[in-house]
**Q** 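The following block contains the structure, expressed as structure tokens.
This chain uses plain numbering: 1 for the first residue, then up along the sequence. Order of appearance sets the numbers: ligands from 1, and atoms from 1 within every ligand.
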Amino acid sequence: MNLTELSITELSRAYARGDASPREVAAAYLDRIDKINPRLNAYISIIADMAMEQAEAAEKIISRGEQTSLTGAPLAIKDLICLKDVKNTCASRMLSGFIPPYDATVITRLKKAGTVFLGKVNMDEFAMGSSTEHSCFGPTRNPWNMDYAPGGSSGGSAAAVAARLCAGALGSDTGGSVRQPASHCGVVGLKPTYGRVSRFGLVAFASSLDQIGPLAGNVTDCALLLNAIAGYDSMDSTSAPRPVPDYLASLAEGLKGFKIGLPEEYFTAGLDPEVEKAVLGAINNLKKQGAEIVKISLPHTEYAVAAYYIIAPAEASSNLARYDGVKYGFRDKSSQTLMDMYQATRSAGFGPEVIRRIMIGTYVLSAGYYDAYYRKATQVRTLIRQDFERAFEKCDVIAGPVTPAPAFKIGEVIDDPLTMYLSDVFTLSTNLAGIPGMSVPCGLSSTGLPIGLQLMADFFREDNLFKAAYNHERLSDYTFGRAAPDIQALSNQAG
Ligand code: GLN
């Protein structure tokens with residue numbers, strides 16, 4: 001039995017039977033991380049001692065007969081979710097030396113379930129980007145082909161799951177940062193409804209868009225993770241006071257009477273033919289299982305990129321004002337005056353993409369431009385939400401591509417921010433509207449890179465996402481494990 005190849009669900013069964021122990025499993029993962037991470041660069045902090053202590057605690061939970069499905073599950077956490085006493089960098093020089101004195105609510109909940117945290121994983125600086133290249137720790141590589149980017153900004157989370165350097169992970173999704181890297185790395189990733197998961201302890205990027213979401217090798221594991229982290233939290237006033245259903249209950253076979261909407265705007269000229277083929281193939285398989293396919297329209301899709309790249313930078317410019325060299329992390333020590341210190345700290349502490357966003361954000365919020373840009377963008381946002389409201393009168397989920405093309409090479413688009421922004425065209429709308437979205441593997445390109453199917457559902461209808469995804473997954477050749485990066489080659493390429 002290769003311990004690092006077991007899903008969270010399989011691990012949990014192995015623990016219950018006494019076939020494996022959390023310490024054995026944590027050690028196997030740490031060993032694998034040692035071998036493969038130096039080249040992959042998914043982890044930026046490995047917390048071996050803490051992981052082994054948690055694994056020991058998990059064993060006690062099991063021996064007391066209090067095991068949950070997540071007890072002893074080895075996880076990776078994106079480095080913008082606070083884990084008490086472990087440095088939290090957001091992949092930025094700005095936060096160097098910052099150690100959070102508290103746990104994010106999602107961490108508190110996972111700790112209660114008895115999970116094991118192996119470490120913190122790489123990301124685009126402050127989650128701004130689509131490739132994990134904007135990191136002060138250097139890019140993470142795509143386990144399917146080390147010359148390619150894993151997507152972003154939760155690229156470390158997706159690559160770690162795909163390379164079996166963890167059994168599941170948490171990421172954050174402001175405009176696609178869970179779904180897009182999940183798609184590029186061939187794993188499952190979910191962005192919950194805005195308000196479904198508490199963001200207390202998540203470093204803010206764009207507060208009206210940010211959500212924490214799980215990534216895992218399969219749909220069931222993803223449901224287990226959402227079960228644990230979802231629900232109201234008095235520490236986050238935007239978390240919704242609604243009961244959390246058991247998402248495992250949605251993983252039932254059969255799609256009779258289930259309606260899947262195909263948005264015409266998602267199947268246009270810019271879509272890579274291989275992506276189109278894989279996505280339509282997956283939709284066809286859902287149809288064969290009884291789902292009804294209906295044509296829908298999301299007419300304001302083409303404005304999503306423009307609206308998002310005004311709203312997100314505007315909120316970022318405000319959120320990131322707190323990094324002034326006084327309260328957190330990095331400070332330029334050579335300055336003589338306060339103003340000089342602010343300026344020098346922020347110029348040296350932030351990378352170029354973050355600086356670009358702060359400048360765009362400050363510009364669109366400034367007097368005279370506010371009406372022309374920010375206000376217009378929020379109006380477009382309402383139109384995008386109304387598109388979805390109309391669409392969900394006709395269908396239970398909407399299906400389409402996650403990205404216009406499979407992963408790009410490291411270095412290929414980093415100097416062309418506009419091209420990078422445009423590649424987010426299919427993921428931004430769900431964040432602007434607030435609805436949940438998911439990526440599940442549905443194909444491989446001729447170059448051997450994963451392709452994801454995106455599913456979107458109405459507010460708080462994650463159950464419908466799980467239902468469609470589960471039925472897709474059980475018959476798909478591309479489900480992780482049936483198709484996975486060459487583990488042997490990965491170990492050989494390592495070092
Ligand atoms: N790629 C998008 C951006 O750069 C989304 C990032 C995210 O979801 N955190 O803003």
**Q** Would you mind listing which atoms of ligand 1 come within a distance below 4.0 Å of any non-hydrogen atom of Ser153?
**A** 9 (N)
**Q** Among Phe126, Phe98, Phe330, which residue satisfies the ring-ring contact (aromatic ring centres under 6.0 Å, His included) criterion with Tyr323?
**A** Phe126
**Q** Looking only at protein heavy atoms, which one is nearest to atom 3 (C) of ligand 1, and what is the separation?
**A** Tyr309 OH, 3.2 Å
**Q** Parallel, tilted or perpendicular: which fits the ring planes of Phe466 and Tyr247, with parallel below 30° and perpendicular above 60°?
**A** tilted
**Q** In terms of relative ring orientation, are Tyr363 and Tyr373 parallel, tilted or perpendicular, with 30° and 60° separating the classes?
**A** tilted
**Q** Pick one of side chain, backbone, both or neither for how Arg357 approaches ligand 1, counting any non-hydrogen atom pair under 4.0 Å.
**A** side chain
**Q** Given Thr427, Asp424, Thr174, which has its nearest heavy atom closest to atom 2 (C) of ligand 1?
**A** Asp424
**Q** Cut-off 3.5 Å, side chains only: do Thr174 and Asp210 have a donor facing an acceptor?
**A** yes
**Q** Taking Glu353 first and then Arg356, would you say they form a salt bridge - that is, a charged N and a carboxylate O separated by under 4.0 Å?
**A** yes
**Q** Which atoms from ligand 1 have a heavy atom of Gly129 less than 4.0 Å away?
**A** 1 (N), 2 (C), 3 (C), 4 (O), 6 (C)
**Q** Would Asp173 count as being in polar contact with ligand 1, using the rule that some N or O on each side must be under 3.5 angstrom apart?
**A** no
**Q** Give me the residue, atom name and distance of the protein heavy atom closest to atom 10 (O) of ligand 1.
**A** Tyr308 OH, 2.6 Å
**Q** Starting from atom 7 (C) of ligand 1, locate the nearest protein heavy atom and write down its residue, its atom name and how far away it is, to 0.1 Å.
**A** Ser177 OG, 2.3 Å
**Q** Can Thr479 and Glu473 be said to form a side chain to side chain donor-acceptor pair (under 3.5 Å), step by step?
**A** CA-CA 6 Å; Thr479 295; Glu473 178 185 78; 5.0 Å; no
**Q** Report the part of Ala127 in contact with ligand 1, treating N, CA, C, O as backbone and CB onward as side chain, heavy atoms under 4.0 Å; options are side chain, backbone, both, neither.
**A** both
**Q** Ignoring hydrogens and angles, state whether a donor on the side chain of Ser439 or Gln180 is under 3.5 Å from an acceptor on the partner side chain.
**A** no
**Q** Based purely on interatomic distance, does Phe205 place a nitrogen or oxygen under 3.5 Å from a nitrogen or oxygen of ligand 1?
**A** no
**Q** Does any N or O atom in Ser130 lie less than 3.5 angstrom from one in ligand 1, N or O only?
**A** yes
**Q** Looking only at distances, can you tell me whether any N or O atom of Met128, backbone or side chain, sits closer than 3.5 Å to an N or O atom of ligand 1?
**A** no
**Q** If you measure only the distance, is there a donor-acceptor pair under 3.5 Å linking the side chains of Asn319 and Ser207?
**A** yes
**Q** Between atom OG1 of Thr105 and atom CG of Asp233, what is the distance when rounded to the nearest 0.5 Å?
**A** 3.5 Å
**Q** Considering only heavy atoms, does Tyr421 approach ligand 1 within less than 4.0 Å through its side chain, its backbone, both, or neither?
**A** neither
**Q** Counting distance only, does the side-chain N/O of Thr427 pair as donor-acceptor with the main-chain N or O of Asp424 below 3.5 Å?
**A** yes
**Q** Closer than 4.0 Å to some heavy atom of Gly175 - which atoms of ligand 1 meet that?
**A** 5 (C), 7 (C), 8 (O)
**Q** Is the closest heavy-atom distance from Ala312 to ligand 1 below 4.0 Å?
**A** no
